[in-house]
Amino acid sequence: MTVQQLFLLSIFLYVVGALISLGLNRDGKIANYVSGTTAFLAGCTGVASAVPVLIEGKGFILEGMEFIPFGRFTINVDPLSAFMTLVISLLSIATGVYSISYQEEYIGKGTGVMGFLNNIFIVSMILVVTSDNAFYFLVFWELMTLVSYFLVCFEQENREAIKAGFVYFVMAHVGTVLIMISFILFYVYTGTFDFAAFRNANLSPVIKNLAFLLAFLGFGVKAGIVPFHFWLPQAHPAAPSNVSALMSGVMIKTAIYGIIRVGVDFLGAATWWWGLTVLAFGAISAVFGVLYAVSENDLKRLLAYSSIENVGIILMGVGAGMMGIATGYVSVGILGILAGLYHLINHAVFKGLLFLGAGSVVYRLHTRNMEEMGGLARYMPWTGLTFFIGALSISALPPLNGFVSKWFTYHTLFAVSTKGSVLIRMAFPLAAVALALTGALTSLCFVKAYGVTFTGPFRGGNELKIKEVPVTMLIGMGLLAIGCFVLGLGAPVGAGYIANVASALLHVSSPKVSDGLSIFPASSEQAMLSTPLVLVFVVGLAILPLLIIGTGGKRAGRRVDFEPWACGYKYSSRMAWTSTAFAHSLYPLFSPVYLLRTAFTEAGRFIILLFKKAMAYISQIELMWERYIYYPLLHFMVYIGKRAQTFQTGNVRMYCLYIILTLGVLLIATVR
């Protein structure tokens, strides 16, 4: 089969699987198998259609009928679209297998509907990143938003899910309006919604700046960048875990695709401050995202905040690349886009793995509160192992995949910091410091996430009822865990193809970034990294102590468990470190971020009266974005809404007058 046929087969499988699953809604178990299996098969065919495009560097175009007078439905799978299709398909494979057993939790609540929505959600993302017309892009963008909203609100009895879905729906449409205005600016100057015309649009500098800012802010809302992030930690945890993996793993990356498509492909990254803007928002999002993640006790909210952090890291690479392009250093520009895209696929894999692991924990314990977990690796060893691999990857430990993309990002920042104006030379070292701080806090965050959840004593109820999840869920997590190793160890091969994607955007030849065994940034003389050799070194360090122990004495005949020493007191599980304790030392250090306050409780006052020297404190974390931005904005919108109600008189004649006035304004605008 040709790549075009494979691509169409992938779309066909998603749609057919969705329709059959909807028809089998009453038989939830069969519906789960149908939707999960078709998502798996469609993902495999999607990968098969994308890989040849990435290897050969030649895309394909599929033209459909002209359903509307101002746009033909066209699919253009160029290297960037093929890369995004590959990322989406990889997550589809893993979540498809995982959902077969996971969705049994929702039998009786409409699992057929969930399977339908899940498959349509995936196919809408693929069509978003392959559409070659702004009108159809927005249609599929809205479809993606609408379907994901229904998935977030799937548990109708959960008030948290309903609220989270509403906030997500409103914010998503705010972003869509900004994107739409940006595309309309292109349409005014080209007379068409075709992306091919957008690339050749003759825009004035002012219109270029406006189009970029509108697109960046619109896509930034969907990506969850700070300060537009507050919907993300509400919506992603509220959704079913297989959907959370798709939303954090790939849906928010469609916004990164939009930023690259508009800023680099359409507008050519023509102005240096565009890249600086992207870099600044990325650095702020990375630092704030991980700070909020560290303070969370809800496992899925922690992962959601971590997605904000990783989107920031991706944008740092993209922003640095745009700066390199604008200042004439094309090789640095390609390196930055390479770093951003590599971290995009890496984050999709390890964050998808972590969300599926969290979903497995919630599947057994029915709680997301890490304070009620602990010691789960004894009862769920395979879940614990795969989550551990994801935690190592996101903490950027070599030779796993997270380390490689961060390594490229650092070198991009260092390369740009030696070029350009004084402002650039100052900004990029600061960005590197922000990335280093982010890396340190990420390690702390996931030592906490894994340690509190899977090690130590169990702090919940009846631990005897905890057991490993079904095999299909383990297969889904195992596939992504293997992906963490493949993308890390295979970096000397994969980095070159991702560099080709970046160079195709700029229509230049791709620089050499690997020699088959090692990877390097702009030059092998600058720095080199060989993840296969790192693996040999790490394995050697791990085996050496075992060899010494094995040859130096008798092996222990049996395992003896000892209680930790507790200063002479009887050890209790209450003595173990909790989720709150891990982050407590950060609150005073980053108090401007958390707006930490201490206040006496009523109970504390009573104790003080009794014991004089006793003191009780309550720590309350307030996110300053909500306090100083969102709440005032919400009150302002409510005020405007109440004032606008005065136009709703209930008089039909007044409504007719409104219609006539609107038509008059439109006619005047058209004539001009």
Side-chain angles (χ1 to χ4, degrees), residues 1-13 41-64 74-93 123 125-132 194-196 199 250 253-254 256-257 260-261 264-266 268 321 325 330-331 333-346 348-349 401 404-405 408 483 486-487 489-520:
M1 297 181 69
T2 64
V3 289
Q4 294 93 330
Q5 292 171 333
L6 286 170
F7 179 83
L8 292 175
L9 177 60
S10 175
I11 301 297
F12 176 78
L13 287 173
L41 294 175
C44 291
T45 54
V47 170
S49 68
V51 168
V53 176
L54 294 174
I55 293 176
E56 299 173 5
K58 296 179 181 179
F60 59 89
I61 297 176
L62 299 172
E63 292 190 359
T74 306
I75 295 295
N76 183 9
V77 183
D78 63 358
L80 179 60
S81 296
F83 177 79
M84 294 301 300
T85 301
L86 173 66
V87 176
I88 296 168
S89 299
L90 288 174
L91 264 291
S92 174
I93 292 171
V123 78
M125 289 189 288
I126 292 176
L127 292 173
V128 161
V129 299
T130 57
S131 293
D132 201 41
D194 291 338
F195 284 168
R199 295 182 181 93
V250 288
K253 310 300 174 44
T254 59
I256 304 296
Y257 164 83
I260 295 174
R261 182 64 78 187
V264 179
D265 190 21
F266 295 168
I325 296 168
V330 178
S331 60
I334 293 175
L335 181 62
I337 303 297
L338 162 64
L341 292 179
Y342 210 135
H343 199 71
L344 187 152
I345 189 172
N346 287 341
V349 172
N401 56 344
V404 177
S405 50
F408 273 121
V486 171
L487 288 169
L489 299 176
V493 177
Y497 293 115
I498 300 177
N500 292 339
V501 174
S503 60
L505 284 171
L506 304 177
H507 307 288
V508 297
S509 59
S510 178
K512 188 177 181 181
V513 294
S514 67
D515 58 8
L517 183 62
S518 304
I519 55 175
F520 39 83

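In this text the structure is predicted, and so the values were computed from the model without any measurement.
- Note on ring orientation: taking the six-membered ring where Trp is involved, the planes of Phe60 and Phe7 are perpendicular (angle over 60°, cut-offs 30° and 60°).
- For the atom pair CD1 of Ile11 and CD1 of Ile75, the computed distance is 7.0 Å after rounding to the nearest 0.5 Å.
- A donor-acceptor pair under 3.5 Å links the side-chain atoms of Tyr342 to the main chain of Leu487, judged by distance alone.
- With contacts defined as side-chain heavy-atom distances shorter than 4.5 Å, the pair Val87/Lys253 does not qualify.
- At a threshold of 4.5 Å between non-hydrogen side-chain atoms, the residues Leu9 and Leu41 do not count as touching.
- Put simply, the side chain of Asn346 gets close to the backbone of Asn401: a donor and an acceptor are under 3.5 Å apart.
- Across all their heavy atoms, Ala348 and Leu91 have their closest contact at O-CD2, 3.4 Å.
- Closest non-hydrogen pair, Gly333 versus Ile325, comes out as CA-CG1, 3.8 Å.
- To the nearest 0.5 Å, atoms CE (Met125) and OG (Ser89) are separated by 9.5 Å.
- Under the 4.5 Å side-chain criterion, counting only non-hydrogen atoms from C-beta, Ile260 is in contact with Leu341.
- The closest side-chain heavy-atom distance from Val508 to Ile334 is below 4.5 Å.
- Counting heavy atoms from C-beta outward, Met84 and Val128 have side chains that stay 4.5 Å or more apart.
- Sorted by first and then second residue, the side-chain hydrogen bond (donor to acceptor under 3.5 Å, both in side chains) pairs with a member in residues 489-503 read Asn500-Ser510; sequence neighbours excluded.
- We find the CD-OG distance between Gln5 and Ser49 to be 11.5 Å, quoted to the nearest 0.5 Å.
- Looking at heavy atoms from C-beta onward, Val501 lies in side-chain contact with Leu80 at the 4.5 angstrom threshold.
- Rounding to the nearest 0.5 Å gives a distance of 7.0 Å between CZ of Phe195 and OG of Ser131.
- Nearest heavy-atom pair across Gly46 and Thr85 is O-CG2, 4.2 Å.
- Contact check for Ser514 versus Val493: no side-chain heavy atoms found under the 4.5 Å cut-off.
- Across all non-hydrogen atoms, the minimal contact from Phe83 to Leu344 is CE2-CD2, 4.0 Å.
- Summarising the geometry of Val404 relative to Ala491, their closest heavy-atom pair is CG1-CB, 3.7 Å, with the distance given to 0.1 Å.
- Separating the CG atom in Leu62 from the CG atom in Asp132 is a distance of 11.0 Å, to the nearest 0.5 Å.
- Checked by atom type and distance alone, the side chain of Ser10 pairs as donor or acceptor with a backbone atom of Ala42 at under 3.5 Å.
- Evaluation of the side-chain contact (heavy atoms from CB on, under 4.5 Å) rule for Leu90 yields Val47, Leu86, Ile345 as partners, not counting sequence neighbours.
- If you take OG1 on Thr130 and CD1 on Ile61, they are separated by 12.0 Å, rounding to the nearest 0.5 Å.
- Residue Val513 is tested with Ile519, Leu338, Ile498 for a side chain to side chain contact (heavy atoms under 4.5 Å, CB included); the sole match is Leu338.
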